[in-house]
Amino acid sequence: VISGDDSRTDHLESFNALYPRGGYFGLLAIIGPSNLIDVHPSMKWSLIPKLFLSLDVDIFWRYSIDDGIYLPSGRLNRSSGDSMNRYIGYQGGMQIGYEVNRYLTIDTSFFYFINGGFIEDVTAGNNISQWSFSTSVRF
């Protein structure tokens, strides 16, 4: 639970994560960490040595009906408008990765965000999908 704001016109009382990573709720970075109720179960399996599979789902609700939703940068994305719906939506994700060595990991992931009632009330937007390929270097 990430606290909300008492005012529809500003977000001065909203939780500020200061310097959140872009994908605070997974690699699909479309919602920032302000004014939310979030449930995020995940599972990770080691398929064979150095190869892993990770699955997760992230479910979002607005903290209150007066709250909008925010971008990962903290900027307001959508105001509350006249929507009385708290349910924002959910995203499911899958990631497959290979640890080449202790310093290098490569992976691919797919995420799909399904709009909830609030998004449908305030936008004409479609569901969002994202596929990515990434490498991580640790030193």
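Values below: every heavy atom of this structure, side chains too, minus hydrogens, waters and symmetry copies. Note that the coordinates shown come from a computational prediction; the quantities given were computed from them, not determined experimentally.
- Enclosure of atom CZ in Arg102 is not indicated, since only 12 or fewer non-hydrogen atoms of other residues, nucleotides or ligands lie within 6.0 angstrom.
- Rounded to the nearest 0.5 Å, atoms CH2 (Trp61) and CZ (Arg86) are 10.5 Å apart.
- Nearest heavy atom pair, residue Ser83 against residue Asn85, reads OG-N, 3.1 Å.
- Ser136 places no side-chain N or O within 3.5 Å of a backbone atom of Ile106 that could act as its donor or acceptor partner.
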Under the criterion side-chain contact (heavy atoms from CB on, under 4.5 Å), I'd like the reasoning laid out for Ile88 against Leu36: C-alpha separation, chi angles, the key distance, then a yes or no. CA-CA 9 Å; Ile88 297 169; Leu36 295 173; 3.5 Å; yes
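- Contact annotation: the side chain of Asn35 never approaches that of Ser64 to less than 4.5 Å [non-hydrogen atoms, C-beta and beyond].
- In this structure, the ring pair (Phe, Tyr, Trp, His ring centres under 6.0 Å) partners of Phe60, at least two apart in sequence or on a different chain, are Phe25.
- Side-chain contact, Glu120 with Asn115: no donor N or O sits under 3.5 Å from an acceptor N or O.
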Tyr90 and Val57: side-chain contact (heavy atoms from CB on, under 4.5 Å), yes or no, with the steps? CA-CA 7 Å; Tyr90 73 94; Val57 64; 3.8 Å; yes
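- Atom CD1 of Ile30 and atom CG of Asp58 lie 9.5 Å apart (nearest 0.5 Å).
- Residues Phe118 and Ile69 have side chains in contact (heavy-atom distance under 4.5 Å, counting atoms from C-beta outward).
- Between Ile128 and Tyr112, every side-chain heavy-atom pair lies at or beyond the 4.5 Å cut-off.
- Linking Ile, Leu, Val, Met, Phe, Trp and Tyr residues whenever their side-chain heavy atoms come within less than 4.5 Å leaves Tyr103 and Phe52 in two separate clusters.
- Heavy atoms of other residues, nucleotides or ligands lying less than 6.0 angstrom from CZ of Phe133 number more than 12.
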Between Ser109 and Trp131, is a side-chain hydrogen bond (donor to acceptor under 3.5 Å, both in side chains) present by the stated rule, with each step listed? CA-CA 6 Å; Ser109 59; Trp131 175 77; over 6 Å; no
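- Looking only at side-chain heavy atoms (C-beta outward), Tyr87 and Ile59 come within less than 4.5 Å of each other.
- Counting heavy atoms from C-beta outward, Tyr63 and Val1 have side chains that approach closer than 4.5 Å.
- The cluster map of Ile, Leu, Val, Met, Phe, Trp and Tyr, joined by side-chain heavy atoms under 4.5 Å apart, puts Val100 and Leu47 in the same cluster.
- Side-chain atoms of Ser80 and Asp66 include no donor-acceptor pair closer than 3.5 Å.
- With hydrogens and angles left out, the side-chain atoms of Ser42 and Asp56 include no donor and acceptor closer than 3.5 Å.
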With side-chain contact (heavy atoms from CB on, under 4.5 Å) as the test, would you mind laying out the steps for Asn127 and Phe113 before giving the verdict? CA-CA 6 Å; Asn127 297 332; Phe113 185 90; 5.6 Å; no
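- Side-chain atoms of Arg62 come within 3.5 Å of backbone N or O of Asp67 as a donor-acceptor pair.
- Of all non-hydrogen atoms in Thr108 and Ser132, the two that sit nearest each other are OG1-O, 2.9 Å.
- Contact of the Leu53 side chain with the Gln95 side chain is not registered, since no non-hydrogen atoms from C-beta on lie closer than 4.5 Å.
- Counting only N and O atoms by type, the side chains of Arg138 and Thr105 include a donor and acceptor under 3.5 Å apart.
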Give the intermediate values and the outcome of side-chain contact (heavy atoms from CB on, under 4.5 Å) for residues Tyr70 and Asn77. CA-CA 5 Å; Tyr70 295 81; Asn77 184 359; 5.7 Å; no
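- To the nearest 0.5 Å, atoms CZ (Arg78) and CD1 (Ile119) are separated by 7.5 Å.
- The 12-atom threshold is exceeded at CZ of Phe110, counting heavy atoms of other residues, nucleotides or ligands nearer than 6.0 Å.
- The two residues Met84 and Ile65 make their nearest non-hydrogen contact at CE-CD1, 3.3 Å.
- In the hydrophobic cluster analysis, where Ile, Leu, Val, Met, Phe, Trp and Tyr join through side-chain heavy atoms closer than 4.5 angstrom, Ile96 is grouped together with Tyr98.
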